[in-house]
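This structure is a prediction, so every number in the text was calculated from the model and none was measured.
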Amino acid sequence: MINKINTDKLTIAIDGPSGAGKSTIAKEVARLLSVDYIDTGAMYRAIGYKLGQKNIDLEDQKALNQVLDDTVIDFEKGNMILDGLVVNDIIRTPEASRMASICSALPEVRKKLVVLQRKMGQTKSVVMDGRDIGTNVLPDAEFKFFMTASAEERAQRRFQELIEKGEQVEFSQVLKDIIQRDHNDTTRELNPLRKAKDAVELDTTGMSISEVTDKIINLVRCGR
Ligand code: DC
């Protein structure tokens, strides 16, 4: 069934708040459709991680621009590559999440990453997930989805993920972080998180990964 979808330049945008399950679902949808998956959150995380490591004063325009100019970000076989190194795991710590959220509000950071993201979306078929894909990065995407879930359920999923990775975290702190990041993502001036007018909203509260994936695949299949 899935093979019958015409994947000739297919662009799918998936937006939503932290922990709504975007990455897991987007990766699975991309795998089933045999197209590339672009995790734009990982790109903000990589930049945030680097700025944190270098202890850059984010108000220092010159220092910030210097680091951005010297940074090479790419995906290779599904891996997030920062300056030639695989950084899949080190960009997922609570500290890297906090830095990603802060630096994603900086115009210089967004400008650099949006150019890269548009290039990726224009040259090949992709499933791209983030916060502003349907509204800003790929406003002409053929399919747009906006995934949500309650803050408690999202915090529970993130908590589980961190515990499984051996991180020492408290649920109350994870929930607090999610609420703080929702606030940062929706209130920042530049390209805040919001649903594109033409996006299909999917509330994934209480839904399994395969239920959400099936729903998206079916909508894509029906829409082509
Ligand atoms: O999806 P994520 O949690 O890995 O994203 C990390 C941070 O990057 C998050 O705070 C929001 C930000 N982000 C963004 O501003 N725009 C995007 N397109 C993707 C992520």
**Fill in**
In terms of heavy-atom contacts, Cys103 and Ile47 come closest through SG-CG2, 4.1 Å
**Request:** Please list all pairs passing the salt bridge (Lys or Arg N to Asp or Glu O under 4.0 Å) test where one or both residues lie in residues 95-112, with sequence neighbours left out.
**Result:** Glu95-Arg98, Arg110-Asp132
**Prompt:** With side chains defined as the heavy atoms from C-beta onward, is the minimum distance between Ile81 and Val87 less than 4.5 Å?
**Reply:** no
**Fill in**
All heavy atoms of Val212 vs all of Ile25, minimum pair found to be CB-CD1, 3.6 Å
**Prompt:** Taking it one step at a time, do Asp185 and Ser18 satisfy side chain to side chain contact (heavy atoms under 4.5 Å, CB included)?
**Reply:** CA-CA 9 Å; Asp185 290 350; Ser18 295; 4.2 Å; yes
**Message:** In this structure, would Val29 and Leu202 fall into the same cluster of hydrophobic residues linked by side-chain contacts under 4.5 Å?
**Reply:** yes
**Item:** side chain to side chain contact (heavy atoms under 4.5 Å, CB included) between Leu82 and Ile73, intermediate numbers included
**Value:** CA-CA 5 Å; Leu82 171 66; Ile73 286 195; 4.1 Å; yes
**Fill in**
In Asn65, Thr71, Asp69, the residue satisfying side chain to side chain contact (heavy atoms under 4.5 Å, CB included) with Val67 is Thr71
**Message:** Quick check: is Met43 connected to Leu51 through a chain of hydrophobic side chains (ILVMFWY, heavy atoms under 4.5 Å apart)?
**Reply:** yes
**Asked** Is the shortest heavy-atom distance from the side chain of Phe75 to the side chain of Met120 under 4.5 Å?
**Response** yes
**Item:** Donor-acceptor contact present, side-chain Lys144 to main-chain Asp198, <3.5 Å
**Value:** no
**Message:** Is it the case that atom CD1 in Ile209 sees more than 12 heavy atoms from other parts of the structure closer than 6.0 Å?
**Reply:** no
**Prompt:** Should Arg154 and Asp182 be marked as a side chain to side chain contact (heavy atoms under 4.5 Å, CB included) after you check the CA-CA gap, both sets of side-chain angles, and the distance that decides it?
**Reply:** CA-CA 11 Å; Arg154 290 185 284 124; Asp182 283 356; 2.7 Å; yes
**Prompt:** So, does Arg118 use its side chain to make a donor-acceptor pair with the main chain of Val137 at under 3.5 Å?
**Reply:** yes
**Message:** Within the structure provided, determine whether Val169 and Pro94 are in side-chain contact (heavy-atom separation under 4.5 Å).
**Reply:** yes
**Message:** Tell me if a side-chain donor or acceptor on Arg45 pairs with a main-chain N or O of Ala100 at a distance below 3.5 Å.
**Reply:** no
**Asked** Short question: side chain of Asp15, backbone of Gly134 - any donor-acceptor pair under 3.5 Å?
**Response** yes
**Pairwise side-chain contact, Arg92 with Arg158, heavy-atom cut-off 4.5 Å (strictly under)** = no
**Request:** Supply the atom-to-atom distance Ile91 CD1 to Tyr44 OH, rounded to the nearest 0.5 angstrom.
**Result:** 13.5 Å
**Asked** Roughly how far, to the nearest 0.5 Å, is the CE atom of Met128 from the CD atom of Gln117?
**Response** 6.0 Å
**Message:** Surrounding NZ of Lys27 (heavy atoms of other residues, nucleotides or ligands, distance under 6.0 Å), is the total greater than 12?
**Reply:** no
**Request:** State plainly whether one hydrophobic cluster holds both Val109 and Ile38, where clusters connect Ile, Leu, Val, Met, Phe, Trp and Tyr through side-chain heavy atoms under 4.5 angstrom apart.
**Result:** yes
**Request:** Run the numbers on Ile12 and Leu33 for side chain to side chain contact (heavy atoms under 4.5 Å, CB included), then give the verdict.
**Result:** CA-CA 11 Å; Ile12 302 177; Leu33 298 176; 3.6 Å; yes
**Side-chain donor or acceptor of Thr205 paired with backbone N/O of Ser150 under 3.5 Å** = yes
**Complete:** dist Arg131:CZ -> Ile133:CD1 (nearest 0.5 Å) comes out at 9.5 Å
**Request:** Taking the side chain as every heavy atom from C-beta outward, state whether Glu164 and Glu161 have any pair of such atoms under 4.5 Å apart.
**Result:** no
**Request:** Can you measure from OG1 (Thr186) to CG (Leu193) and round to the nearest 0.5 angstrom?
**Result:** 6.5 Å
**Request:** Quick one: pull up OG1 in Thr93 and OH in Tyr49 and give me the separation to the nearest 0.5 Å.
**Result:** 8.5 Å
**Complete:** All heavy atoms of Phe171 vs all of Phe159, minimum pair found to be N-CE1, 3.5 Å
**Message:** Do Val220 and Met147 land in one hydrophobic cluster if side-chain heavy atoms of ILVMFWY residues count as linked below 4.5 Å?
**Reply:** yes
**Message:** Could you check whether any side-chain N or O of Ser125 sits under 3.5 Å from a backbone N or O of Leu10, counting only pairs where one atom can act as donor and the other as acceptor?
**Reply:** yes
**Asked** Would you say Phe145 and Leu219 make side-chain contact, with heavy atoms under 4.5 Å?
**Response** yes
**Request:** List for me each residue that meets side-chain hydrogen bond (donor to acceptor under 3.5 Å, both in side chains) alongside Arg157, sequence neighbours excluded, and say none if there are none.
**Result:** Glu153, Thr204
**Prompt:** Quick check: are there more than 12 heavy atoms from other residues, nucleotides or ligands sitting under 6.0 Å from CZ of Arg188?
**Reply:** yes
**Prompt:** Would a distance-only check, ignoring hydrogens and angles, find a side-chain to backbone donor-acceptor pair under 3.5 Å from Asp129 to Ile14?
**Reply:** no
**Message:** So which atom in Ala63 and which in Ile56 form the shortest heavy-atom distance, rounded to 0.1 Å?
**Reply:** CB-CG2, 4.2 Å
**Item:** For Thr11 against Gly121, the heavy-atom pair lying closest together
**Value:** OG1-O, 4.3 Å
**Message:** On a heavy-atom basis, which atom in Asp39 and which in Ser23 lie closest, and how many Å separate them?
**Reply:** OD2-OG, 4.2 Å
**Message:** Quick check on the hydrophobic clustering: are Ile102 and Ile179 connected, directly or via other members, by side-chain heavy-atom contacts under 4.5 Å?
**Reply:** no
**Item:** Main-chain N/O of Met80 paired with Asn88 side-chain donor or acceptor, under 3.5 Å
**Value:** yes
**Asked** For Lys165, does the NZ atom have more than 12 heavy-atom neighbours from other residues, nucleotides or ligands under 6.0 Å away?
**Response** yes
**Check: Arg221/Asn218 side-chain N/O donor and acceptor closer than 3.5 Å** = yes
**Asked** Distance-only, no hydrogens or angles: does the Gln173 side chain make a donor-acceptor pair with backbone N or O of Glu170 under 3.5 Å?
**Response** no
**Prompt:** How far does NZ of Lys119 sit from OG1 of Thr123, to the nearest 0.5 angstrom?
**Reply:** 9.0 Å
